[in-house]
Structures are given as structure tokens and as C-alpha cells.
Amino acid sequence: MLRFRCNPACCAPFVYRTTGETTVLRDPKLTPIILANVLTWPLASPALSQEADELAELREAALERTNASREEADLGGLTRSDVLSEAAQGHAEDMLERDYYDHVSPEGETPFDRFLAAGGNSWAVSGENIATCTGCAAPPDVDRVDAFHDGWMQSPGHRENILSEGFDSFGFGIAGAGSTVYAVQTFSGPGADAAGAGAALGPEDIAETAVQQINDARTDASLAPLEHDVDLDEAAARVLEHLAQDAADLPGNIFDLLPQGSTGWTSLSVQSATLGGSGASVNEEDLSTIVSDWTQAATQGDVLGGPAASHIGFAAEAAGDGRLTAVALFGGK
């Protein structure tokens, strides 16, 4: 008989997205997603920690079951990740050794903390499923891994993690002693587009879409719309290149980033934002999130370039690892 213990607050998947703004420097990063679910499962007989070769076999079985479930849901398979397996194994062993059962350690370490400590990407989204059983067979075998997987798939919150479109990597850990076994699934990826986010925008559509959204926001703030300028697009793309490397490398004079022959500018100002967990492409909702946050953060009368701006350039790029960086360059003539 199955018995589930699940805090509704952690079983319901959620997304927490924030953006920030700077003049030229890199913006604060997005707080990554942590999808956390809890499952308790009493079974029957003793369990022991696994030797390295046995553990590798169990991890392979866990990945095969996970990918089989994803294939049934017409989703792409996950890739084995040593980083995620290290985080999962460490947590399984810690819960066993210190006799607790939670995503958060007694010291307050979260699943994402463990992911980062193992070498994970700070821009990715991360997920974790945990389970425990008592009276389990010793040592845990492939049948036990299958049983854990079946239990997770019967729980909506755990199933959500296993079938998430935002994950592309997988890890697994298992540890047992006496008659208790702990198992941990870990996931990471670039994130997935929210429902209704729209199709990925091509390079030629990104600036056009963003400029329209920015002009709509300026109109709402009783400011004149801006004229889209390709020279400012080019300069914004150069800012984007610098931000992808090191913001400290940006020249002190932003005018130096304008293409040769671009003259007549009396003022230039830059706004940038970086999102994490944004998927592998740029879509209309990403741009809307950025423009909305820029608008809300602006001082009165200084919304999106303010009254001094007459033209705008824009560039945005998804790095493929969950990070999306956008730059708006406002110019006055």
C-alpha cells in the first residue's frame, strides 16, 4: 500500500522570474526554479549502500525508466549528468546518515544549493524528487528503483518534474542501511516556455517585437514613441557581446560602440536585463517580462529612455543554458 506525504506548497510546480536593470553593468540574475516534491513509501526488507558498479547500474535503470515515461508523453529523453548524480547521492546519504527526510537539510541547504555545490549552472532550472521506504530488501536493486519510479509517476507533483519540458539532464542517488532506503531524482535544464508564451522569435523579429512593446509602454506613460534605428541595434548587439563576457570590459564612452559614420547623437543610455530559466530561445513573453520590469523600476518621467530619447535599438540572445540577456539602447537627437 502506498502512503504519500507531500506538502502542497512544494508539490505544485511554480516559476519565480525576476529581472533587473542597470545602466551598463550586468543585472542581478534570476532566482532559478526549484521544483520540489516529497514521497514517502513503506515497503519490505533491509537495504545497504551500493558499491560503485552497482550504483552505476541503478542509475542507468533510473534513467531508462525516466526516459521511457518521457517517450510515452512524446518528450525528448534526458541526458545522464554526473553533477546531478553527485548532488542526488550526497543528499540521499546525508538523509540516511542523519535520519531526516526533507529537501532542505537541517542547516538550510536547498536542492539548488546542492546543485551549485556540485558544479551546476546557476542559470539553469533545477528539480528534485525524494522518496524513502522502510522494511526494504538489502541491498536495493533494479526492482526497487522501478518501484520508486512507479510511485513518483503516480504523484502529480513528482510526475510534473519527470515530464517537465524544461529539463534536459538527470541524476539519481540511492542509499540504504538496515531497513531504510532513501532515493533522490535530480533534474536540470534551460527551462521551458510558459503556456501562451508564443513561438520562438527569429533574430529579425526580436528587435521589432521589443520596440513595439517599449513604445506601447511609453504611450501608457504619456511619452512619445521611439523610432527604431539600425545603428542603435548594432551598438546594442555590441553591448550584448560585452555582457556575455565581462561587463567591466565595456568602454567608458558608449558612443564608441556606435558603427562608424553614425553621428548626430546628443545622448545615449543603456538598459540591460538577464533572465535565468528562460528556455533555449527568445519569445514574446520573455520580452514582455523584461519591458514590464524596466517600466516598473523606472522613476516617474524616466520610463524607457524618458523624454530625452527619440530613437531605440535593441538586441537579445538566449545562451541555450537558460540564460537570456537583453539590451535596449536609447538615443537622442
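Along the sequence shown, residues carry numbers from 1.
For the atom pair S269 OG and I254 CD1, the distance stands at 10.0 Å (nearest 0.5 Å). Interatomic distance, OG1 of T325 versus CD of E241, reported as 12.5 Å (0.5 Å rounding). Taking CG of L116 as the start and OG of S126 as the end, the distance is 8.0 Å to the nearest 0.5 Å. Residue F148 holds its CZ atom at 11.0 Å from NE2 of H158, rounded to the nearest 0.5 Å. Once rounded to the nearest 0.5 Å, the distance linking CH2 of W152 with CD1 of I162 reads 7.0 Å. Here the straight-line distance linking atom CG of D321 with atom CG of N121 works out to 4.5 Å at 0.5 Å rounding.
A salt bridge is defined here as a Lys NZ or Arg NE, NH1 or NH2 lying under 4.0 Å from an Asp or Glu carboxylate O, and E128 with R114 meets this definition.
In plain terms, the two heavy atoms of G171 and S85 that are nearest each other are CA-OG, 3.4 Å. Taking both residues in full, the closest heavy atoms of P190 and G320 are given as CB-O, 3.7 Å, listed atom of the first, atom of the second, then distance. Annotation for L287 and I206: closest pair CD1-O, 3.7 Å, computed over non-hydrogen atoms. Taking each heavy atom of G332 and S310 in turn, the nearest pair found is CA-OG, 3.6 Å. Heavy-atom minimum distance, A309 versus F330: CB-CB, 4.0 Å. A217 and V291 get closest at one heavy-atom pair: CB-CG1, 4.3 Å.
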For this session: Report the C-alpha distance between E284 and Q213 in whole Å, list the side-chain angles of each, state the deciding distance to 0.1 Å, and finish with yes or no for side chain to side chain contact (heavy atoms under 4.5 Å, CB included).
Result: CA-CA 9 Å; E284 187 171 345; Q213 292 182 355; 3.4 Å; yes
For this session: Apply the test side chain to side chain contact (heavy atoms under 4.5 Å, CB included) to residues V184 and F172: give CA-CA distance (whole Å), side-chain angles for both, the deciding distance (0.1 Å), then the verdict.
Result: CA-CA 6 Å; V184 179; F172 184 79; over 6 Å; no
Problem set entry | R70 and L163: CA distance, side-chain angles, deciding distance, side chain to side chain contact (heavy atoms under 4.5 Å, CB included) verdict | CA-CA 6 Å; R70 290 177 64 87; L163 301 183; 4.0 Å; yes
Problem set entry | Test salt bridge (charged side-chain N to carboxylate O under 4.0 Å, His left out) applied to R98 and E107, step by step | CA-CA 12 Å; R98 297 203 284 169; E107 295 76 26; 2.6 Å; yes
For this session: Go through the steps to decide whether R238 and L258 satisfy the test side chain to side chain contact (heavy atoms under 4.5 Å, CB included), and finish with yes or no.
Result: CA-CA 9 Å; R238 291 176 179 175; L258 290 167; 5.8 Å; no
For this session: Run the numbers on T110 and H103 for side-chain hydrogen bond (donor to acceptor under 3.5 Å, both in side chains), then give the verdict.
Result: CA-CA 6 Å; T110 68; H103 292 287; over 6 Å; no
For this session: Would you please test Q212 and E208 for side-chain hydrogen bond (donor to acceptor under 3.5 Å, both in side chains) and show each step?
Result: CA-CA 6 Å; Q212 181 62 57; E208 181 179 344; over 6 Å; no
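Aromatic ring pairs are classed by plane angle as parallel below 30°, tilted from 30° to 60° and perpendicular above 60°; the pair F187 and F170 is perpendicular.
Under the 4.5 Å side-chain heavy-atom criterion for ILVMFWY residues, a single connected hydrophobic cluster contains both Y100 and Y182. Cluster annotation: L329 and F255 are assigned to the same hydrophobic cluster (Ile/Leu/Val/Met/Phe/Trp/Tyr, side-chain heavy-atom contacts under 4.5 Å, transitive). Under the 4.5 Å side-chain heavy-atom criterion for Ile, Leu, Val, Met, Phe, Trp and Tyr, V230 and V270 are members of distinct hydrophobic clusters.
Counting only heavy atoms from C-beta outward, the side chains of V211 and L226 never approach each other to under 4.5 Å. At least one side-chain heavy atom of R65 sits under 4.5 Å from a side-chain heavy atom of D150. Within the 4.5 Å cutoff, the side chain of L84 has heavy atoms near those of the S169 side chain. Side-chain contact check for V181 versus T132: every heavy-atom pair is 4.5 Å or farther apart. Side-chain contact between T79 and D168 is absent, with no heavy atoms from C-beta onward closer than 4.5 Å. Contact annotation: the side chain of E109 never approaches that of D94 to less than 4.5 Å [non-hydrogen atoms, C-beta and beyond]. Put simply, the side chain of T66 reaches to within 4.5 Å of the side chain of H149, judged on heavy atoms. With a 4.5 Å cut-off on side-chain heavy atoms, N215 and L304 do not count as touching.
Under the salt bridge (Lys or Arg N to Asp or Glu O under 4.0 Å) criterion, E204 pairs with no residue at all, not counting sequence neighbours.
A donor atom on one side chain and an acceptor atom on the other are not found under 3.5 Å apart for E71 and N67. For the 3.5 Å distance criterion, the side chains of H311 and D231 fail to qualify, holding no donor opposite an acceptor. Side-chain atoms of T219 and D216 include no donor-acceptor pair closer than 3.5 Å.
For D220, the CG atom counts as densely surrounded, since its 6.0 Å shell holds more than 12 non-hydrogen atoms of other residues, nucleotides or ligands. Within 6.0 Å of atom CG in D82, 12 or fewer heavy atoms from other residues, nucleotides or ligands are found, so the atom counts as exposed in its surroundings.
Not one N or O on the side chain of N161 forms a donor-acceptor pair closer than 3.5 Å with the backbone of G127. No donor-acceptor pair under 3.5 Å is formed between the side chain of R218 and the backbone N or O of L223.
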